[in-house]
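Working notes, structure below.
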Amino acid sequence: MIAKHFNTGPFGAPQWWSSDAPDGELLYIANVIIDTWSEEKAQNYAARGYVHYHELLSVEDGTLHPSKVGWFKHTARTSFTLDGGPHPEFSHEVTPGIDSEFIPNYMMPYNP
C-alpha cells in the first residue's frame with residue numbers, strides 16, 4: 001500500500017505534523033507492507049527503512065487484528081521540522097529521502 005502524510009491533522013488541524021512547513025503540504029509518501037511482528041522481522045524491516053508500524057483495526061467493531069500490522073517506510077518529499085503529530089517527543093529535522101527517525105516503534109512488540 002501507499003500512504004500520504006499531509007501537514008494537516010485530525011479535523012483539519014493546521015500544520016499538525018510540522019510548525020515550519022505550510023499547512024496541507026505533502027510531507028511524506030509512505031510505503032506500507034502488511035505482515036506480522038517478530039523481533040527478527042522488526043530488525044529486518046528497520047534495516048530497510050520501515051521503522052514504524054501501525055495496528056490494524058476491524059471496521060466492524062474496532063478490535064485489533066490478532067497478529068498483523070502495517071509496516072511503514074516514510075520518504076520525505078521536502079525539508080521540514082517534524083515537531084508535532086501524536087508524538088512531538090520524537091521531534092527532528094527532516095530532509096528529502098527515507099526518514100529513519102519517524103516515530104520509531106519497530107522494537108516495541110505488537111501485543112493486541
Under a single-linkage definition using a 4.5 Å side-chain heavy-atom cutoff for Ile, Leu, Val, Met, Phe, Trp and Tyr, are Trp71 and Leu57 assigned to the same hydrophobic cluster?
-> yes
Any side-chain donor-acceptor pair under 3.5 Å between Thr81 and Asp83?
-> no
For the residue pair His74 and Phe102, categorise the inter-ring angle as parallel (less than 30°), tilted (30 to 60°) or perpendicular (more than 60°).
-> parallel
Provide the closest heavy-atom pair for Ile103 versus His52 in the form atom of the first, atom of the second, distance.
-> O-ND1, 2.7 Å
Asp35 bridged to Lys41 by N-O distance under 4.0 Å = yes
Looking only at side chains, do Thr8 and Asp23 share a donor and an acceptor under 3.5 Å apart?
-> yes
NE2 of His65 to OG1 of Thr36, rounded to nearest 0.5 Å, is 10.0 Å
Joint hydrophobic cluster, Val32 plus Tyr45, side-chain heavy atoms closer than 4.5 Å = no
Give, for atom CD of Glu25 and atom NE2 of His5, the distance between the pair rounded to the nearest 0.5 Å.
-> 14.5 Å
More than 12 heavy atoms of other residues, nucleotides or ligands under 6.0 Å from CD of Glu40: is that the case?
-> no
Check whether Leu26 and Trp17 end up in the same hydrophobic cluster, where Ile, Leu, Val, Met, Phe, Trp and Tyr are linked by side-chain heavy atoms less than 4.5 Å apart.
-> no
What pair of heavy atoms forms the shortest contact from Asn7 to Ala21, and how long is it?
-> ND2-O, 3.0 Å
Going by heavy atoms in the side chains, are Glu55 and Val69 under 4.5 Å from each other?
-> no
At what distance, to the nearest 0.5 angstrom, does OH of Tyr50 lie from CD1 of Ile33?
-> 3.5 Å
All heavy atoms of Gly24 vs all of Phe6, minimum pair found to be O-CD2, 3.3 Å
What distance separates Asn105 CG from Met107 CE, expressed to the nearest 0.5 Å?
-> 11.0 Å
May I ask you to check whether Asp99 and His92 show a side-chain donor-acceptor distance below 3.5 Å?
-> yes
Which pair of heavy atoms, one from Pro112 and one from Pro66, lies closest together, and at what distance?
-> CG-O, 3.3 Å
So if you build clusters from Ile, Leu, Val, Met, Phe, Trp, Tyr with side-chain heavy-atom gaps below 4.5 Å, do Trp16 and Leu27 land together?
-> yes
Supply the atom-to-atom distance Phe72 CZ to His54 NE2, rounded to the nearest 0.5 angstrom.
-> 4.5 Å
Consider only side-chain heavy atoms of I, L, V, M, F, W and Y, link residues closer than 4.5 Å, and tell whether Leu64 and Met108 are in one cluster.
-> yes
Please step through ring pair (Phe, Tyr, Trp, His ring centres under 6.0 Å) for the pair Phe80 and Tyr28, ending with a clear verdict.
-> CA-CA 11 Å; Phe80 58 94; Tyr28 294 103; 5.4 Å; yes
Answer yes or no: is there a side-chain heavy-atom contact under 4.5 Å between Ser18 and Leu82?
-> no
